[in-house]
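Have a look at the structure below, then the notes.
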Amino acid sequence: MRIGVLTGGGDCPGLNAVIRAAVLRGTREWGHEFVGYLDGWKGPLENQSRELTVDEVRGILAEGGTILGSSRTNPDSDDGGMERVIGNVRAAGIDGLIAIGGDDTLGVARQLTEQGLGVVGVPKTIDNDLGATDYTFGFDTAVNIVMEALDRLRTTGASHHRALVVEVMGRHAGWIALHSGMAGGADLILVPEREFDPGEVCAHVDACFEAGVAPLIVASEGAVPKQGSEVTLTEGTDAFGNVRLGGIGGWLADRIGEVTGRETRSVVLGHLQRGGTPTAFDRVLATRLGYRAIEAANEGEWGMMTTLRGTAIELAPLADALDESKTVPADRLVEAEFGYPA
Ligand code: F6P
């Protein structure tokens, strides 16, 4: 078989581990050939690809990013784009694709499958917001990066008796904020799933200082103040209709400074959370997903995606898997609150 591989959407640590696993197993066990499409769906849309051999994937397990490049190209927003993708893939003698991506990339995979092109999906996102799988690879690495930043910020905040607001990624799901905040002992965690009252946040900041703690607040980029709206960096959306979230940390730090009179700083961790080498957890998860994805392609299980259920790697139909997005349930927030100082 000849299999095309692509990585779409925001990059995340572990993408190369999936590519490597699929190519190693597919080549050695079944003698398949691989073509790497460049920059997500832009690759098959514009016929940009490279050969992917065992030699080319050697040594990439620990490398961050993706050797294939990525983009948020949506072939469905181009006139005749989907037909062009199918035509180009067929003309290259490719039997099917492995698409590694989040809900946008996998949504295109689902449409292509419905139109007769075989695609197996592999879920990825640092946001961990895909309902079909217990964890997405990239998330654990992002959480560890934020946790380390929180440990560092804790000492400078305490030394200067300052409140610190740390803005983290996650889109409309608060998983990164929740897990990193719990791991870093945050004094308050703000997530998109529950609107926050700025007045209550300021009162909590005062109470923390009174309890002898310089507060460290983790705010998810999608967190929304009561009677307010999401804070965005730019107007408009990308090709999949996503807004660019960002700015809530700075907004809140200004508000805390004004209301409490306490010195407050904000830190935006931004794309640091997506860069660099994956954790052991993400390397293992990504590798297992890659092994399973090529097995699914080998068996012609098109229209399916690999998922982690408990400790098992399973397959789920792309159609079902993408309908559910996974957000932080209320009881997980209550649990995190037991650690707050005041
Ligand atoms: O979905 C992953 C993610 O990192 C989000 O957490 C964030 O909102 C977005 O991508 C940032 O996208 P970009 O890389 O296009 O700025």
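First listed ligand is number 1; within each ligand, the first listed atom is number 1.
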**Report entry** R274 N/O to ligand 1 N/O under 3.5 Å
**Finding:** yes
**Report entry** Side-chain donor/acceptor of Q48 to backbone N/O of D39, under 3.5 Å
**Finding:** no
Requested in this report: Assess D127 for proximity to ligand 1: is some non-hydrogen atom of it under 4.0 Å away?
Outcome: yes
Query raised in the report: Between D76 and Q111, is any side-chain donor less than 3.5 angstrom from a side-chain acceptor?
Result: yes
Report summary line: Minimal heavy-atom distance between T105 and I100, with the atoms involved, is CG2-O, 4.1 Å
Query raised in the report: Can you say whether the rings of W175 and H179 are parallel (under 30°), tilted (30 to 60°) or perpendicular (over 60°)?
Result: perpendicular
Requested in this report: For atom 8 (O) of ligand 1, grab the closest protein heavy atom and report residue, atom and distance to one decimal in Å.
Outcome: E221 OE2, 2.6 Å
Query - Ligand-side contact atoms (ligand 1) for residue partner G170, heavy atom cut-off under 4.0 Å - result: 6 (O)
**Report entry** Atoms in ligand 1 flagged as close to R72, the criterion being non-hydrogen separation under 4.0 Å
**Finding:** 9 (C), 10 (O), 11 (C), 12 (O), 13 (P), 14 (O), 15 (O)
Query raised in the report: Strictly by modelled atom types, are N298 and H32 linked by a side-chain donor-acceptor pair under 3.5 Å?
Result: yes
Report summary line: A student checking ligand 1 against I126 at a 4.0 Å heavy-atom cut-off should list atoms 4 (O)
Query raised in the report: What atoms of ligand 1 come within less than 4.0 Å of a heavy atom belonging to H271?
Result: 13 (P), 14 (O), 16 (O)
Report task. Output yes when a side-chain donor or acceptor of T7 lies under 3.5 Å from a complementary backbone atom of A99, and no otherwise. Result -> no
